[in-house]
Amino acid sequence: MVLFTHLADLPDPRTPINIRHNLMDVVFLTFAAVLSGASGWKAIEVFGDAQLDWLRQYRGFEHGIPRRHCIAHLIRALDGEALMQALLGWINARRQGSGQAVIAIDGKT
């Protein structure tokens, strides 16, 4: 997925000690869950447990789905500006790749 290319430069806010879950796994899980209607850390964890086979088509999830407290801690610690720049880079790459001047996110055009 091209999205992962843009997210790869996101700085990991954790110290190298006791890192169990891959940063991209947790970010992808959170995006997928929220886009599927999850509205809290527990809902993200439940989504991950239910969709683990599908998630593993795109990412490793070697240690399974992290618990909600781990998800919350990691997402809260991310550099919001760096995440925004990564997402804007991905959206602009999609826009340029399709030859569009604008991407309509409301589905009307």
Side-chain angles (χ1 to χ4, degrees):
M1 247 190 226
V2 176
L3 173 60
F4 299 133
T5 304
H6 292 275
L7 292 173
D9 293 331
L10 231 126
D12 194 331
R14 303 171 290 180
T15 60
I17 300 171
N18 295 328
I19 292 181
R20 181 171 172 89
H21 297 282
N22 180 281
L23 176 65
M24 288 302 100
D25 289 356
V26 178
V27 171
F28 177 56
L29 164 65
T30 303
F31 284 170
V34 169
L35 290 171
S36 296
S39 60
W41 305 121
K42 178 66 176 172
I44 294 169
E45 179 185 352
V46 169
F47 171 87
D49 288 335
Q51 299 296 326
L52 184 56
D53 290 339
W54 177 80
L55 291 165
R56 281 187 168 149
Q57 292 178 35
Y58 302 99
R59 298 289 310 164
F61 289 91
E62 288 90 19
H63 298 285
I65 299 300
R67 299 298 119 215
R68 67 183 177 268
H69 301 295
C70 177
I71 298 166
H73 177 74
L74 183 52
I75 297 300
R76 286 181 183 141
L78 285 177
D79 178 347
E81 185 63 32
L83 179 60
M84 179 71 75
Q85 290 305 313
L87 292 174
L88 288 173
W90 172 61
I91 290 169
N92 278 324
R94 299 270 311 179
R95 180 186 57 77
Q96 291 169 349
S98 65
Q100 300 293 320
V102 188
I103 294 179
I105 58 172
D106 61 2
K108 293 181 181 175
T109 59

I want to check something: taking the side chain as every heavy atom from C-beta on, are [X] and [Y] in contact at a cut-off of under 4.5 Å?
X: F31; Y: L87; answer: yes
X: L74; Y: V27; answer: no
X: L29; Y: P66; answer: yes
X: I44; Y: I75; answer: no

Pairs satisfying side chain to side chain donor-acceptor pair (under 3.5 Å), at least one member in residues 89-99, at least two apart: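 Listed once each, the pairs are N92-R95.
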
Residue list, side chain to side chain contact (heavy atoms under 4.5 Å, CB included) with R20, at least two apart or on another chain: H63

Residue list, side chain to side chain contact (heavy atoms under 4.5 Å, CB included) with A77, at least two apart or on another chain: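 Only P13 meet the side chain to side chain contact (heavy atoms under 4.5 Å, CB included) criterion with A77.
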
Quick check: is [Y] connected to [X] through a chain of hydrophobic side chains (ILVMFWY, heavy atoms under 4.5 Å apart)?
X: I71; Y: L35; value: no
X: I19; Y: L7; value: no
X: F28; Y: V46; value: no

Atom pair OG/CZ of S39 and F47 - distance to nearest 0.5 Å: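 One gets 13.0 Å once the value is rounded to the nearest 0.5 Å.
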
Salt bridge (Lys or Arg N to Asp or Glu O under 4.0 Å) partners for R67, two or more places apart: E45, D49

D12: salt bridge (Lys or Arg N to Asp or Glu O under 4.0 Å) partners, not counting sequence neighbours: R14

Atom of P11, atom of D79 and distance for their closest heavy-atom approach: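 Answer, listing the atom of P11 first, then D79: CG-CB, 4.4 Å.
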
Crowding at NE2, H6 (>12 non-hydrogen neighbours, <6.0 Å):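 Buried by this count: over 12 neighbours within 6.0 Å.
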
Salt bridge (Lys or Arg N to Asp or Glu O under 4.0 Å) partners of residues 22-43, not counting sequence neighbours, each pair once: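 Checked against salt bridge (Lys or Arg N to Asp or Glu O under 4.0 Å) - neighbours excluded - the pairs reaching residues 22-43 are D25-R59.
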
Evaluation steps, side chain to side chain contact (heavy atoms under 4.5 Å, CB included), between F61 and N22: CA-CA 7 Å; F61 289 91; N22 180 281; over 6 Å; no

Side chain to side chain contact (heavy atoms under 4.5 Å, CB included) evaluation trace for Y58 with M24: CA-CA 10 Å; Y58 302 99; M24 288 302 100; over 6 Å; no

Q85: partners by side chain to side chain donor-acceptor pair (under 3.5 Å), with sequence neighbours left out: E81

Connected-component partners of L88 among ILVMFWY, side-chain separation under 4.5 Å: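 Its cluster partners, ordered by chain and number, are M84.
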
